[in-house]
Visitor: 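First the structure, then my questions, so here it is.
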Amino acid sequence: MTRQLAPQEVARFLSGAAPGSVASWGSAGVVVHRESLLPVCKALKDSADYATDFLVAITSVDYVEYFEVVYHLLSLRHNHALVLKVRANGRESPSVPSVTSLWQGADLQEREVWDLMGVAFEGHPNMKRILTWEGFPGHPLRKDHLGG
Amino acid sequence: MTNLQQHPEPPAELEAEPVVVNLGPQHPSTHGVFRLRVIMDGETIQDVEPIFGYLHRGTEKLAEERSYTQVVTLTDRLDYTAAMSNNLAYVLAVEKLAGIEVPERGMYLRVIAAELQRIAAHLIFVGFSLDELGAFHTPLLYGFRERERILDLFEMLCGARITVSYMRPGGVHQDAPVDFWPALDRFLADMPHYLDELQGLIAENEIVVARTKGLAVLLAAKAINCSMSGPVLRASGVAWDLRKQDPYDVYGRMQFDIPVGANGDTYDRLLVRLYEARQSLRIVAQARKEIPGGPVRTQAPFFIRPPVGEAYGHVEAPKGELGFYLVSQGGISPYRCKIRSPSFINLTALKEMLVGYKVADLVVIFGSIDVNMGEVDR
Amino acid sequence: MILAGNSLYRNIYGFFVGLLPDGLSWLGLVITGLILAFVFVNALMIFVAGVVYLERRVLGRFQSRLGPNRVGPFGALQPIADLLKMVFKEDVVPAAADKLVFAAAPIVMVVPALAMMAVIPYGKNTFVTDLNVGILFAIAITSVSSLGIFMAGWGSANRFATLGAMRGVAMLVSYEVPMLLSLVGVLLLGGTLSLVGVVDAQRIPFILLQPLGFLVFLIAATAEMNRAPFDIVEADSEIVAGYHTEYSGVKWGVFQLAEYGAMIVSAAVLVTVFLSGWQNPFVPQGWPQVLPSQLWFLLKVGLVLFLLIWVRATIPRLRIDQIMGFAWKILFPLALLNLVVTAVEVQLVPNPNTWQLWVLVAINLAVAVGAVVGFGAAFGRRRTNPTASVTLVSLQAEVVR
């Protein structure tokens, strides 16, 4: 059984590994500041206790006031999983740092988030639309797409 | 004899420029409408850029407009060769989100359906892979012949063959009819022979071995870093199967092994799937023996209103880890429904696997990842 | 030369010369030529239609389906229906195509198959002309088809077509070498280059005296006619349809005609050279024959065609480098070995009597089996054990790795 790590426990570890990185934590996961996303991910990936070597999925949710980008991380070695979240503000050009340097698996998924939700990833080598065509108006998964 | 000295010196290097070839969107071996922009030097591939989205139907957006039960029909159309697995992944996520219990018989039926679906999907894979290797449709039609039996079983279960919509949050739509079980027994008795036949076509065919051994080796570390999942990851030597590592429904009680490849080449990717089909047969046989009586579905309301929150449910689909990430704001439809599709993410390593090989290998390597465009583009 | 021997051409010419007044005998030549051309072009078309039907039905049975069975009795009129459809289809020419080359390519492809029909003996005294360099003519004229392939690929201005054409030329040129070499043994044994003479020279079918030559010729001929497993020129799963990707309608039909025509004609050459042509293999010549010799020829050609269809239904395609390696590393040395052995034998036993013949058969069979097994051991892949590639891991569920 994959063990879901308690967000509280993860938050405590992160506060030690990257001080000031945790914004909040709830039952669903740990929310980190967008500036400290990369150090946090690196700390999680490199630490022997967490060893989150497998990036399961990158998701984004439009909460209207802010965008939340959700990282499902998994450790094949320890068989445990955790959820990391980062928030991007502003509807014009929200962005979060790219984690492609840590997990190549983020490549296509970050492009998908950019395409459908309009959250850009700084440092992504090829930030282009992927499912819709170049010049597609807007980002379809946003709650206000086509006035929705 | 002409005097060779009189001829002008040939240029030290012949002028040659790489050719750009668009494989697809209409191409016989791209498993749907997929386009590969390939830069080639002669027949050798120098660079590859996958371009997709031709089949994008906005499933995630559509799910936000439908009730939780209605979304099941959308999931059929993701990986249309494995509708049962898609159903299962989605209903697991909903059950996790809304805290719905499933009766035992329902779970067993879901396991039987999902494993039959896995066999069907792997049969298609083997058939198409050999077709791409140039075996003129014969293995493909052999695979389809046996898949037909599985589709007949699905027809008995739910009346549909491809887009089954069999599962519901809280169980399955209906119990299996009485004549389903003898038909299943006959299928279980016949299938090992068919699989032997297919394995003979793959593992013992000199040309298949010569074409696939050592082709496009994907190392375990690379596969993990690229978030590959499913048979591709296991062929690279990582024993990771969600049915074992994070068992859902009644997989925890099932006796089966995980086939793991030694080299991570195309040959292993072919073979791992055949072995998996055999293990699936074991699971179906065991489930058929142990299945208890009782209801198949919890009485959940048609309009499920899960509490505010989020849940991630995943299954080991034939192509890899298929996950649904659902966010609820308390309404009757999901606030956000994210599909973690294995086909899409397994394409991450495509470029690394292709560069340096020939065009003839391209279709074989691409086929060995086993993507389904319905799932890639969603 | 064209009037030599007891050929169809001479007999028909003789008939017309008798009718025509003196001084107009040249008209007899022309009329005879036109009649024969008409008969043979149509015969090839009908046979191609038959082979297409046969292939689709046989492939259907191999693939556990029915094949065409709707048009006419047992679907036998399916090729006619296909032909009608092809004629009424639009003839699309790509805008960037080299129009002249594009249009000429199908004709260049179909001419060799037709020209080769002139030298094949279809039965006792049934041949257009007894060309004294028949075998050379047959080999030379088949190489023209590689020109047709390149014209089609180049003229289409399509990258798949160009790729197919490049592959085609490389492969066809390579396979001509072992093909020709494998025939030299037959020439030594038969002592003639004429295809008519080769049949008469076969007291027993040359496949028994030349098993290795037969094998090499069969494989090389399969490659020459672009059939599976050497169908890289039009590999449908890789380069769509290869050199004829851009062709449609009648032009595509002509390509099909050329392809299947080449298949029939190559099978006919194979039968003539190695399977004792039109001779009855069970009743020696001079004895009373039940079946006409033409029927024997047809039966043997049908057998070879069935073998080719069987191969297509079962064997996957090789990659271009593997195909080239196979031609130069395996077939070429095998053909040379066959030539050396045959030359020594012909030198030692120039006119073998019956028992000497059978001793030679035994020796050649042993050489063939030894060579194939030896090459297989030297170059072949070691038997792969699937369990060495895939291991079954038994994990206990619930247990963390």
Side-chain angles (χ1 to χ4, degrees), chain B residues 19-22 27-29 40 42-43 130-142 145 199 202-211 213 235 239-241 243-245 247 251-254 256-263 265 267-268 271-272 274-275 279 358-363, chain C residues 55 59-65 158-160 162-164 166-167 170 227-232 235-241 309-323 325-326 376 380-401:
Chain B
V19 190
V20 181
V21 177
N22 272 307
H27 186 276
S29 316
M40 292 191 299
E43 286 241 351
L130 284 177
D131 197 39
E132 277 144 20
L133 281 165
F136 188 76
H137 297 309
T138 310
L140 177 67
L141 283 154
Y142 273 44
R145 182 184 67 191
Q199 184 162 339
I202 292 185
E204 287 156 31
N205 187 314
E206 185 87 10
I207 297 181
V208 171
V209 175
R211 287 285 306 271
K213 264 260 176 226
W240 184 265
D241 189 320
R243 293 172 295 171
K244 283 283 187 200
Q245 259 81 8
Y251 277 111
R253 304 176 199 168
M254 297 295 160
F256 66 100
D257 300 324
I258 309 175
V260 172
N263 310 312
D265 55 9
Y267 182 75
D268 287 6
L271 225 53
V272 157
L274 263 186
Y275 276 72
Q279 298 300 324
K358 300 215 177 333
V359 192
D361 297 328
L362 182 146
V363 292
Chain C
E55 167 151 53
L59 272 182
R61 297 313 301 171
F62 272 113
Q63 299 173 349
S64 63
R65 57 187 175 89
N158 176 310
R159 271 147 201 186
F160 291 122
T162 316
L163 267 177
M166 274 159 44
R167 291 174 168 194
R227 296 276 305 180
F230 303 101
D231 54 344
I232 53 165
D236 59 327
S237 61
E238 297 159 19
I239 49 172
V240 189
I309 296 170
W310 187 359
V311 167
R312 182 176 183 206
T314 43
I315 296 186
R317 191 183 302 122
L318 285 156
R319 213 190 314 141
I320 174 92
D321 52 327
Q322 291 166 339
I323 285 183
F326 188 67
R381 208 160 270 280
R382 298 288 163 271
R383 199 122 191 82
T384 44
N385 184 5
T387 48
S389 282
V390 175
T391 44
L392 294 174
V393 178
S394 304
L395 286 177
Q396 284 299 310
E398 316 284 335
V399 170
V400 176
R401 218 155 47 106

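Note on naming: letters A, B, ... go to the chains in the order of the sequence lines (proteins, then strands), and numbering restarts at 1 for each one.
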Visitor: Relative to chain B, which segment of C:I320 carries a heavy atom at a distance below 4.5 Å: side chain, backbone, both, or neither?
Guide: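 Only the side chain of C:I320 comes within 4.5 Å of chain B.
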
Visitor: Which of the residues C:V240, C:I315, C:L318 is involved in the greatest number of heavy-atom pairs with chain B at under 4.5 angstrom?
Guide: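 So the answer, after comparing C:V240, C:I315, C:L318, is C:L318.
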
Visitor: If you count heavy-atom pairs under 4.5 Å between each of B:I207, B:V19, B:V359, B:V21 and chain C, which one has the most?
Guide: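 Ranked by heavy-atom pairs under 4.5 Å with chain C, first place is B:I207.
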
Visitor: Quick check: do C:R159 and B:N22 have side-chain heavy atoms less than 4.5 Å from each other?
Guide: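 A side-chain contact is absent here, since even the closest heavy-atom pair is not under 4.5 Å.
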
Visitor: Please confirm whether the backbone N or O of C:Q63 pairs with a side-chain atom of B:R145, one donor and one acceptor, at under 3.5 Å?
Guide: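 No; zero donor-acceptor contacts below 3.5 Å.
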
Visitor: Might you point out which heavy atoms bring B:V208 and C:P316 nearest each other, and give the distance in Å?
Guide: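 Shortest heavy-atom separation between B:V208 and C:P316 comes out as CG2-CG, 3.6 Å.
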
Visitor: Measure distances from B:H137 to the heavy atoms of chain C and classify the residue's part below 4.5 Å as side chain, backbone, both or neither.
Guide: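 B:H137 touches chain C through backbone and side-chain heavy atoms alike.
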
Visitor: How long is the straight-line distance from CZ of C:R65 back to OG1 of B:T138, given to the nearest 0.5 Å?
Guide: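 Here the interatomic distance stands at 8.5 Å.
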
Visitor: In terms of heavy-atom proximity below 4.5 Å to chain B, should C:R312 be classed as side chain, backbone, both, or neither?
Guide: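 Contact with chain B is through both the backbone and side chain of C:R312.
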
Visitor: Looking only at non-hydrogen atoms, find the nearest pair between B:R211 and C:R319 and report the distance.
Guide: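 Minimum heavy-atom separation between B:R211 and C:R319: CD-N, 3.7 Å.
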
Visitor: By a 4.5 Å heavy-atom criterion (distance strictly below it), what part of B:V272 contacts chain C: side chain, backbone, both, or neither?
Guide: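 For B:V272, backbone and side chain are both near chain C.
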
Visitor: As an exercise, state the distance from CG of C:L59 to CG of B:L141, rounded to the nearest 0.5 Å.
Guide: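 That separation rounds to 10.0 Å.
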
